[in-house]
**Q** 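Just passing along the structure, written as structure tokens.
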Amino acid sequence: MQLLLLPLLVVAAVGLARAAATDDPFLSGAPGNHSYNVDCGGAADFVSVFGRRWLADQFFSAGGQAGMVAEPHRFPQPQERTLRFFPPSSAGKSSCYSLPLPPGRYYLRLFSVYDNYDSKLRTPSFDVSAAATLVLSFRSPWPEPASRYGAYSDLIFPSATSPTSDICFYSLSTDAPVVASIEVAPVHPLAYDGATTGADLILVNYGRLTCGNNLFGPGFTNDSDAFSRVWQSDIDFRNNDLNYDAITAGGRKIFGSNQPPNYFPTKLYTSAITTGGDASNEIEYLMPVDTRMSYMVWLHFAEIDAGIGSAGQRVFDVMLAGKNVTRIDIFKQVGGFTAFKWTYIVENLTSSTMSVKLVPVVGRPILCGLENYAMVPLETRTVPNQVAAMKALKDSLKIPARMGWNGDPCAPRTWDAWEGVTCLRKDKGLVITQLDLASQGLKGYITDEISHLTDLVSLNLSYNSWTGSLPPGLGQPSLATLDLSSNQFTGGIPGTIGSSKLQTALLNNNQLDGQVPERLYSIGVHGGVIDLSGNKGLCGVPTLPACALFWEKGGLNRTGKIALGASLGFVLLVTLIVVYILCIRRGPYDYDFEFPQDLTSISAISAKRNRYQRAKSVMLAEMEAHGPDGYYTNGGAH
């Protein structure tokens, strides 16, 4: 990507008019308009000489470090002297600033500088993304002006649908990405043909020029621009084989400027260039481009020559990349001293330089300003609920900063920034298909939010120190390989684990207990691989002990709990029956069931009398069995 290189502008603090709040949308920290100016690496808030509030460094991901340019005296503004860099050894491949932005379109400006802050005398190589889309590339060596004085880059992008939007930096090799300041503010939803480009495109600035004037814009001069755009001098982009003359409006008022939705500044239309010398000369600019992309070109005109008072006095053709695309008569369109804007999309470029040429038809051509934006299509993003699930897993699994779990898990596709994560593109968006975090020395637990990874095919969390129970969410129907071996998981195995696609289940060497679900064990029966060894508490399938009838590892097992529940139910039922008989079935005239005291005494006397009568009967029977002589007789004759 092309860098917007701005020459160093030394600004004196004395005599500068402060930008009015109504002219500058970059009012940092204001929750109403969600504008932020972040001084990367800065330790304290401050207000610049232009009245702009800068925030101390915040919103950044872990693993980075604050730094300072080698020669801070050459940078007049405080936010250009400090920086934040992200060594991949501690911050991973991906590091981000996560800005709290509601849905909408935003203007983003970055300032990147090296100035040998690390004493290595080598500028870093890295990429930058916004809205999960690659937008800028820095490659070592940087051009000398950018390396020593820094480079500004800006673009317009749509925010994410989530509460935060990420500006991410991706390390190449062992290089540490670096950024000195980040400025972001909302723009009108229809700005720069937003009705067409707003939802699907990012517009990256490849050149924003003021013709016949010096660089101007908020943050560099006291001139206002509603989007805080900086307008470069056009000198470095002219075809210097041609002759040019500069003209001005001479203090005359310009109409039609600073209007929504683009709010092009009035100053842009107060100066212009035209051809010098022969009236047949042309105006030509040579703009750097990337042939892989299309470009949105904006041309700005105003008839600021008082000598032109009617249509047909100044007519010229516009040629882009060698193609004649339109004929313009400014006075015919809007009259004199009135801003006129024209835009065109250039496609199918074949050269790294695009020619923007104005060819005279009548009189000399004139141009006030030029903008050239690369139209970068938004990359497909990860399905939102899977993004949320991965962020929940990042917290529960305690993923360290060195693994780079920042930004979108799957986008940009050119980067596999999240270590251990593999993605696949489907119609609904990018989805996570594999998680491989084996042997990372990690601690934590598995959140049930993993259930939202409905396209997960392989999960390998083996050889770590994760604890807690296995969540039911591990039972995704898509899962084919599950390796949780050699951790410290406890509790039972959820009955949800064991879909028809699961072919490998390694749960060995944990602290799991209880009955093994039949659907899980059936994996091995049907030709799959299952390993449950090293879990002393598991039971109930071949190769493992039988589960105790009621008791297991110091507590009731499932069968015991069922039996206990049934017993308690039976006792409750009997109790209810007794209460029913004693308290409900008795009528109001029933006698008390307890015997009276006197009745109890009579019953005792009767019992004693009965015992005496039984003893007497036995004695009489024995006497009758003996003869008169006292011998025992059996009833026969002598």
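Please read all numbers here as calculations on a predicted model, not as lab measurements.
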**Q** Are the side chain of Ser147 and the backbone N or O of Pro143 linked by a donor-acceptor pair below 3.5 Å?
**A**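 Not confirmed, Ser147 side chain does not pair with Pro143 backbone.
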**Q** Spell out, as yes or no, whether a donor-acceptor pair under 3.5 Å connects the side chain of Tyr106 to the backbone of Ser35.
**A** no
**Q** Would you check if the side chain of Arg81 reaches a backbone N or O of Ala70 as a donor-acceptor pair within less than 3.5 Å?
**A**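 No, Arg81 side chain to Ala70 backbone: no donor-acceptor pair under 3.5 Å.
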**Q** Distance from Asp39 atom CG to Leu83 atom CG, nearest 0.5 Å?
**A**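 Those atoms lie 9.5 Å apart.
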**Q** Side chains of Arg84 and Ser95 only: does a donor on one sit below 3.5 Å from an acceptor on the other?
**A**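 Note: Arg84 and Ser95 side chains miss the donor-acceptor criterion.
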**Q** Can you see which heavy atom on Ala132 is nearest to which on Ala411, and at what distance?
**A** O-CB, 3.6 Å
**Q** Given Glu183 and Gln79, is the side-chain contact (heavy atoms from CB on, under 4.5 Å) satisfied, shown in steps?
**A** CA-CA 11 Å; Glu183 302 166 82; Gln79 73 274 10; over 6 Å; no
**Q** How far apart are the closest heavy atoms of Leu479 and Thr481, and which atoms are they?
**A**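 So the two residues come closest at CD1-O, 3.6 Å.
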**Q** Looking only at heavy atoms, which two atoms of Ala56 and Asp45 are closest? And how far apart?
**A**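 Ala56 and Asp45 have their closest heavy atoms at N-OD1, 2.7 Å.
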**Q** Could you tell me whether a side-chain N or O of Thr380 sits under 3.5 Å from a main-chain N or O of Gly429, the two making a donor and an acceptor?
**A**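 Such a contact is absent between Thr380 side chain and Gly429 backbone.
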**Q** Any chance you could measure Asn406, atom CG, to Tyr170, atom OH, to the nearest 0.5 Å?
**A** 9.0 Å
**Q** Can you give me the closest heavy-atom contact between Val421 and Pro409, atom names plus distance?
**A**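 Taking every non-hydrogen atom into account, CG1-O, 4.4 Å.
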**Q** Can you find a pair of side-chain heavy atoms, one from Lys501 and one from Gln476, that are under 4.5 Å apart?
**A**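 No, their side chains stay 4.5 Å or more apart.
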**Q** Check the orientation of Phe216 and Trp231. Use parallel for under 30°, tilted for 30 to 60°, and perpendicular for over 60°.
**A** parallel
**Q** Tell me if the CZ atom of Phe59 is crowded by more than 12 foreign heavy atoms within 6.0 Å.
**A** yes
**Q** Could you walk me through whether Arg122 and Asp175 pass the side-chain contact (heavy atoms from CB on, under 4.5 Å) check?
**A** CA-CA 9 Å; Arg122 182 183 181 277; Asp175 290 357; 2.9 Å; yes
**Q** Which class fits the ring pair Tyr114 and Tyr117: parallel under 30°, tilted 30 to 60°, perpendicular over 60°?
**A** perpendicular
**Q** Tell me the closest heavy-atom pair linking Ser439 and Asn464, and the distance in Å.
**A**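 Shortest heavy-atom separation between Ser439 and Asn464 comes out as N-ND2, 3.7 Å.
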**Q** Just by modelled atom types, is the Leu484 backbone N or O under 3.5 Å from a matching donor or acceptor in the Asn510 side chain?
**A** yes
**Q** Test side-chain contact (heavy atoms from CB on, under 4.5 Å) on Leu370 and Asp234 and set out the steps.
**A** CA-CA 9 Å; Leu370 185 157; Asp234 64 322; over 6 Å; no
**Q** What is the distance from atom CZ of Arg109 to atom CZ of Arg229, rounded to the nearest 0.5 Å?
**A**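 One gets 11.5 Å once the value is rounded to the nearest 0.5 Å.
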**Q** Under a plain distance cut-off of 3.5 Å, with no hydrogens placed, do Asn487 and Tyr445 share a side-chain donor-acceptor pair?
**A**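 Absent: no donor and acceptor within the cut-off.
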**Q** So does Ile156 get a backbone contact from the side chain of Asp154, meaning a donor-acceptor N/O pair under 3.5 Å?
**A**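 Not at all, since once roles are kept as given, no pair shorter than 3.5 Å links the two residues.
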**Q** Passes side-chain contact (heavy atoms from CB on, under 4.5 Å), Met354 versus Asn372? Steps please.
**A** CA-CA 10 Å; Met354 179 178 66; Asn372 186 34; 3.5 Å; yes
**Q** For the side chain of Glu419 and the backbone of Gly92, is there at least one donor-acceptor N/O pair under 3.5 Å apart?
**A** no
**Q** List the steps and the verdict of salt bridge (Lys or Arg N to Asp or Glu O under 4.0 Å) for Asp455 and Lys428.
**A** CA-CA 11 Å; Asp455 301 276; Lys428 61 183 178 181; 3.0 Å; yes
**Q** Are the ring centres of Tyr285 and Phe237 closer than 6.0 Å?
**A** no
**Q** How long is the span from the CG atom in Leu470 to the CD1 atom in Ile450, to the nearest 0.5 Å?
**A**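 If we round to the nearest 0.5 Å, Leu470:CG and Ile450:CD1 are 10.5 Å apart.
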**Q** Would you name the heavy atoms of Ile202 and Pro158 that are closest together and state the gap between them?
**A** CG1-CD, 4.0 Å
**Q** Donor-acceptor check, side chain of Thr82 to backbone of Cys40, threshold 3.5 angstrom: yes or no?
**A**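 Between the backbone of Cys40 and the side chain of Thr82 there is a qualifying donor-acceptor contact (under 3.5 Å).
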**Q** Any heavy-atom pair between the side chains of Phe157 and Leu101 that's under 4.5 Å?
**A**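 In contact.
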**Q** Whether the Ser228 and Tyr107 side chains hold a donor-acceptor pair (N or O, under 3.5 Å, no angle test) is what I'd like checked.
**A** no
**Q** Apply salt bridge (Lys or Arg N to Asp or Glu O under 4.0 Å) to the pair Asp127 and Arg139, showing each step before the final yes or no.
**A** CA-CA 8 Å; Asp127 289 340; Arg139 294 295 180 267; 2.9 Å; yes
**Q** Test your reading of the model: is there a side-chain donor-acceptor pair from Lys426 to the backbone of Val431, 3.5 Å cut-off?
**A** no
**Q** Nearest 0.5 Å, please: how far is CG in Leu397 from CE in Met403?
**A** 9.5 Å
**Q** I'd like to check Thr382 versus Met390 (side-chain heavy atoms, cut-off strictly below 4.5 Å). Are they in contact?
**A**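 Sidechains of Met390 and Thr382: no contact.
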**Q** Please indicate whether Arg425 has more than 12 foreign heavy atoms, meaning atoms of other residues, nucleotides or ligands, lying under 6.0 Å from its CZ.
**A** no
**Q** Examine distances only and state if a side-chain atom of Ser458 and a backbone atom of Gln434 form a donor-acceptor pair shorter than 3.5 Å.
**A** no
**Q** Report yes if some heavy atom in the side chain of Tyr206 is under 4.5 Å from a heavy atom in the side chain of Met287; otherwise report no.
**A**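 Heavy-atom side-chain distance check fails, nothing below 4.5 Å.
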**Q** Specify whether Tyr192 and Phe227 have parallel, tilted or perpendicular ring planes, treating 30° as the upper limit for parallel and 60° as the lower limit for perpendicular.
**A** tilted
**Q** Check whether any side-chain heavy atom of Thr454 sits under 4.5 Å from a side-chain heavy atom of Gln386, and report yes or no.
**A** yes
**Q** Below 4.5 Å, heavy atoms only, C-beta onward: do Trp415 and Ser94 meet side chain to side chain?
**A**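 Contact flag for Trp415/Ser94 side chains = no.
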**Q** Can you say whether the rings of Phe126 and Phe138 are parallel (under 30°), tilted (30 to 60°) or perpendicular (over 60°)?
**A** parallel
**Q** Are the ring centres of Tyr97 and Tyr36 closer than 6.0 Å?
**A** no
**Q** Measure the spacing between CG of Asp408 and NZ of Lys391 and express it to the nearest 0.5 Å.
**A**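 Rounded to the nearest 0.5 Å, the CG-NZ separation comes to 8.5 Å.
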**Q** For residues Trp142 and Ser112, determine if any side-chain heavy atom of one lies less than 4.5 Å from a side-chain heavy atom of the other.
**A**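 Yes, their side chains come closer than 4.5 Å.
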**Q** Using a 4.5 Å cut-off on heavy atoms from C-beta on, say whether the side chain of Ser486 contacts that of Ser462.
**A**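 A side-chain contact under 4.5 Å is absent here.
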